[in-house]
Amino acid sequence: MARDKDAIAIIPAYNEAGTIHRVVSRTLHYVERVVVVDDGSTDLTLSSLRELPVTILRHAQNLGKAAALRRGMQYAVAQGAGAIITLDGDGQHDPADIPALLAMHRRDPAAIVVAARRRHRHAIPRLRVLAQRIADFWISLAAGCAIEDSQSGFRLYPISAWTAAGWPCDSASGFVFESEVLIEAGRSGIPIRSVSISAIYGRHLRQSHFQSGRDIAAITRMVAGKLLAAWLGTSGGLRRLPRTIAPAVPCPSGTEPRQALPPARKPRILFMAEAVTLAHVARAVALTRSLDPDCYEVHLACDRRYHHLFKSVRAAVHPIRTIGGQQFQDRLRLGDPLYRTEELHRYVEDDLRLLTQLRPDAVVGDFRLSLSVSARVAAVPYLTVTNAHWSPFARQHFVVPELAITDRFGPRIGQVLFTVMRPFVFAQQAYALNRVRRDYGLPALGYNLPHQFTDADVTLYADVPELVPTFDRPPHHHYLGPVLWSPDSIPPWWDSLPIVGRMAYVTLGTSGRADLLPLILAALAQLGIGALVSTAGRSIPGPLPPHTQVAHYLPGQAAAARADLVICNGGSATVYQALAAGKPVLGIPNNLDQYLMMDHVRRSGAGDYLRAGTLSRTAVTTLCGRLLDNPAFRTQAIRLQATIDPNRTARAFQHHLRSVLGTHMTHPALSQVRAPKVSAFDVAHGNRSSSNQASRR
């Protein structure tokens, strides 16, 4: 990962031999320049740093944390640093949180950024939590602005704020200095922001140098003096520095930062996809292919589990963590939260590291919910690709999916229970993301999943309004169009496939019930229908019926074109492959997303569905016969086929991407490319009012 060259990390150390090597070595992962101020240590602190590429400034005797910070900051100013990061050497600050501070700094370059210990607060002793809250109240009152975790020494100071204020300090001020700086910054109008970090306490850390009685009393006296001075109308400024400590060192001549024009470069676009199912990764890959590499620098971040399916990704690929696909499906089935708070916090940390490293001009997410936090903290324009059936501005019919309650009580009673319980289940599902947003100082999104699934600066529906209409949607919600894709995998028998009678393309994807494939194939054989089967990497137990061809993955669009009927799990990916070929769809949904999609297919008249939990061979043969023998289904599928155009989807995506990038596009190749031509048809699909959509239905 690229290290930040602009910031200098300052680490005061006093007898930190047990922790300083680990803290410094981990800090060097994120910044190129680290300064350790050894404040008169009498242990092996200095020798433990011998092999590390750091600058060491030493006090002959212990002068206190304030003097150590001041010495390090003077050095950073003299070196022309753009920002100063301070953290303790005792291990209570995790250097892995540095990217979050840097991201907030880029979002608000003039602000002091405080790493607030909001996560795992239960790890902090209760008396210390109480003392922190009291300190936050009084320091915020004296500063004239809200300050969270005023006692955290893990901070980022923009060099502009430091050089403007020239904060002096008393060598005896100790921990008071850090509180005093915040008060003076707030009074001077310097913004003070916070980012969320974990509280790290434990027996593995040495006892803090913070003396509760003495230091709290000193802070109290300082704050009282500030408040009294403000009441009396006097300056109440910081105490002047004694002659025994050198004054602030100005930047040497010629080292002041210059305002230079940014070098011309291609806009850098980062796609981030959640790999709990193949579809999210595949849509991201398909959209990367729609961008001209001569005009854009494209990056793709996703879990490695599906990389082998895409041999021609025109993007630099970065691995990121995603929870297991089966784990995700199990949580869906049990009605458990899709993500734990701790998991989303790790996601946000991973996102911020990558956003800090790449510094993209825009980030495009597909079900990467953590971008609702990380993109905002990093101040990167954020576009999300989702399905319109999850929009808060769509009329959803929530059919009870295959859950424990449907197993126990059956679909009818299960539907009643699900209708009653769903708002509470959605609220439980939404809790984790809202909690993480609050930890990063962002407002909650409410307790309704559609708002969380569609939160972005620009929300793009991978649908057509003729199939999934919406109403009264805000101006940043647009129809993108179906993102059609197929794995780069063709079986050896594909070109020699014999021409038989009627044929079905069968795939239950990575999130369908693979155990139902034998039943489906037996029903097709009973009707004399051949099958092209994609198992999504899973095996089919038992012998295969005649006229059945099987592969782990098939070119889905071509398979749908060869078939008379498409049987799938009801997910939007295969549904749109079928409709793009003008073929009716038989869905066998398993989760709520699939039921929502198939409900719209049923309403459109282009297909129908059967419940996965109650599937039988008779039900499959009956519905297959109806879909194939009734020409109305094929007619409706062909009607929807006319609305699907991959080229129009690509043009719409580029149009919305360019609108987000705006004037940031400086690369000559891109400036010569006109904005993709968006026809009246595209506008109608992307921005037509839903009242018109409804009237057409």
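Atoms considered below: every heavy atom in the structure, side chains included; atoms not considered: hydrogens, waters and symmetry mates.
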Cys302 and His307: CA distance, side-chain angles, deciding distance, side-chain contact (heavy atoms from CB on, under 4.5 Å) verdict
CA-CA 9 Å; Cys302 63; His307 284 194; 3.3 Å; yes
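- In summary, Arg346 and Asp350 do not engage in a salt bridge, as defined by a charged side-chain N under 4.0 Å from a carboxylate O.
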Show the numbers, then the answer: is there a side chain to side chain donor-acceptor pair (under 3.5 Å) between Ser511 and Gln594?
CA-CA 10 Å; Ser511 57; Gln594 295 159 1; 3.0 Å; yes
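- Formation of a donor-acceptor pair under 3.5 Å by the Lys583 side chain with backbone atoms of Ala578 is not found in this model.
- Between Asp599 and His389, the side chains place no donor N or O within less than 3.5 Å of an acceptor N or O (distance only, hydrogens not considered).
- Arg331 has its side chain within reach of Gln327: a pair of non-hydrogen atoms, C-beta onward, lies under 4.5 Å apart.
- A 4.5 Å side-chain heavy-atom check between Gln577 and Val566 finds every atom pair outside the cut-off.
- In the displayed structure, Arg26 atom CZ is contacted under 6.0 Å by more than 12 heavy atoms of other residues, nucleotides or ligands.
- Taking the six-membered ring where tryptophan is involved, the planes of Phe271 and Phe653 are tilted, since the angle between them lies from 30° to 60°.
- The closest donor-acceptor contact from the side chain of Thr419 to the backbone of Gln415 lies under 3.5 Å.
- Counting heavy atoms from C-beta outward, Val533 and Thr548 have side chains that approach closer than 4.5 Å.
- Taking every heavy atom of both residues into account, Ile320 and Met272 meet most closely at CD1-CE, 3.9 Å.
- Panel note: side chain Gln396, backbone Ser391; a donor-acceptor pair is recorded below 3.5 Å.
- With hydrogens and angles ignored, the 3.5 Å screen pairs no side-chain donor or acceptor of Gln452 with any backbone N or O of Leu449.
- Residues Ala100 and Val377 approach most closely at O-CG1, 4.2 Å, considering heavy atoms.
- Distance check: Ser572 OG to Arg283 CZ gives 5.0 Å after rounding to the nearest 0.5 Å.
- Of the possible polar contacts, none joining the Thr574 side chain to the Cys568 backbone as a donor-acceptor pair under 3.5 Å is found.
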Verify side-chain contact (heavy atoms from CB on, under 4.5 Å) between Leu344 and Thr341, making sure each step is shown before the conclusion.
CA-CA 5 Å; Leu344 284 179; Thr341 303; 6.0 Å; no
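- For the pair Ile269 and Pro360, the minimum side-chain heavy-atom distance is 4.5 Å or more.
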Could you go step by step and tell me if Thr322 and Arg305 meet the side-chain contact (heavy atoms from CB on, under 4.5 Å) rule?
CA-CA 9 Å; Thr322 292; Arg305 66 190 68 166; 3.8 Å; yes
Evaluate the side-chain contact (heavy atoms from CB on, under 4.5 Å) criterion for residues Tyr576 and Met597: first the C-alpha distance (whole Å), next the side-chain angles of each, then the deciding distance (0.1 Å), finally the verdict.
CA-CA 10 Å; Tyr576 278 117; Met597 188 67 195; 3.6 Å; yes
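- Considering only heavy atoms from C-beta on, Tyr479 stays 4.5 Å or farther from Val464 through its side chain.
- Between the side chain of Ser534 and the backbone N or O of His552 there is at least one donor-acceptor pair closer than 3.5 Å.
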Going through the distances and angles, do Tyr595 and Asn590 end up as a side chain to side chain donor-acceptor pair (under 3.5 Å)?
CA-CA 7 Å; Tyr595 273 101; Asn590 185 56; over 6 Å; no
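- Of the charged side-chain nitrogens involved, at least one lies within less than 4.0 Å of a carboxylate oxygen, so that Asp455 and Arg437 count as a salt-bridged pair.
- Going from atom CG of Leu383 over to atom CG of Asp366 covers 12.0 Å, rounded to the nearest 0.5 Å.
- No hydrogens or angles considered: a donor-acceptor pair under 3.5 Å links the side chains of Glu297 and His299.
- If you take CZ on Arg538 and OG1 on Thr510, they are separated by 7.0 Å, rounding to the nearest 0.5 Å.
- The two residues Ile323 and Leu338 have their closest heavy-atom pair at CD1-O, 3.7 Å.
- Aromatic pair Tyr431/Tyr339: ring centres not closer than 6.0 Å.
- Under a 4.0 Å N-O distance rule, the pair Arg268/Asp361 does not qualify as a salt bridge.
- Listed for the Thr384 side chain is no donor-acceptor partner under 3.5 Å among the backbone atoms of Ala456.
- Remark: Arg602 qualifies as a cation-pi partner of Tyr609 under the 6.0 Å distance and 45° angle criteria applied to the six-membered ring.
- For Arg513 against Leu508, the heavy-atom pair with the smallest separation is O-CD1, 2.9 Å.
- For the atom pair NE2 of His477 and OG1 of Thr454, the computed distance is 4.5 Å after rounding to the nearest 0.5 Å.
- Atom CG in Leu101 sits 12.5 Å away from atom OH in Tyr30 (nearest 0.5 Å).
- Aromatic ring pairs are classed by plane angle as parallel below 30°, tilted from 30° to 60° and perpendicular above 60°; the pair His451 and Phe393 is perpendicular.
- Residues Thr649 and Pro646 form no side-chain contact, since every pair of their non-hydrogen atoms from C-beta on lies 4.5 Å or further apart.
- In this structure, Asn387 contributes its side chain and Trp390 its backbone to no donor-acceptor pair below 3.5 Å.
- Not counting sequence neighbours, the partners of Arg368 by the salt bridge (Lys or Arg N to Asp or Glu O under 4.0 Å) test are Glu274, Asp351.
- Arg22 CZ: 12 or fewer foreign heavy atoms inside a 6.0 Å radius.
- A distance-only check finds no donor-acceptor pair linking the side chain of Gln428 to the backbone of Asp336 [under 3.5 Å].
- Proximity of the aromatic rings of Tyr461 and His478 is defined here by a centroid distance below 6.0 angstrom, and this criterion is not met.
- Between the side chain of Arg359 and the backbone N or O of Leu355 there is no donor-acceptor pair closer than 3.5 Å.
- Taking the six-membered ring where the residue is Trp, His345 and Tyr440 present tilted rings, their angle falling between 30° and 60°.
- Across every non-hydrogen atom of Leu640 and Leu467, the tightest pair is CD1-CD1, 4.0 Å.
- Put simply, the side chain of His600 does not reach to within 4.5 Å of the side chain of Val575, judged on heavy atoms.
- The shortest side-chain heavy-atom distance between Phe426 and Tyr447 does not fall under the 4.5 Å cut-off.
- Between Arg117 atom CZ and Ile197 atom CD1 the span is 7.0 Å, to the nearest 0.5 Å.
- Considering every non-hydrogen atom in both Leu554 and Pro491, the closest pair reads CD2-CG, 3.5 Å.
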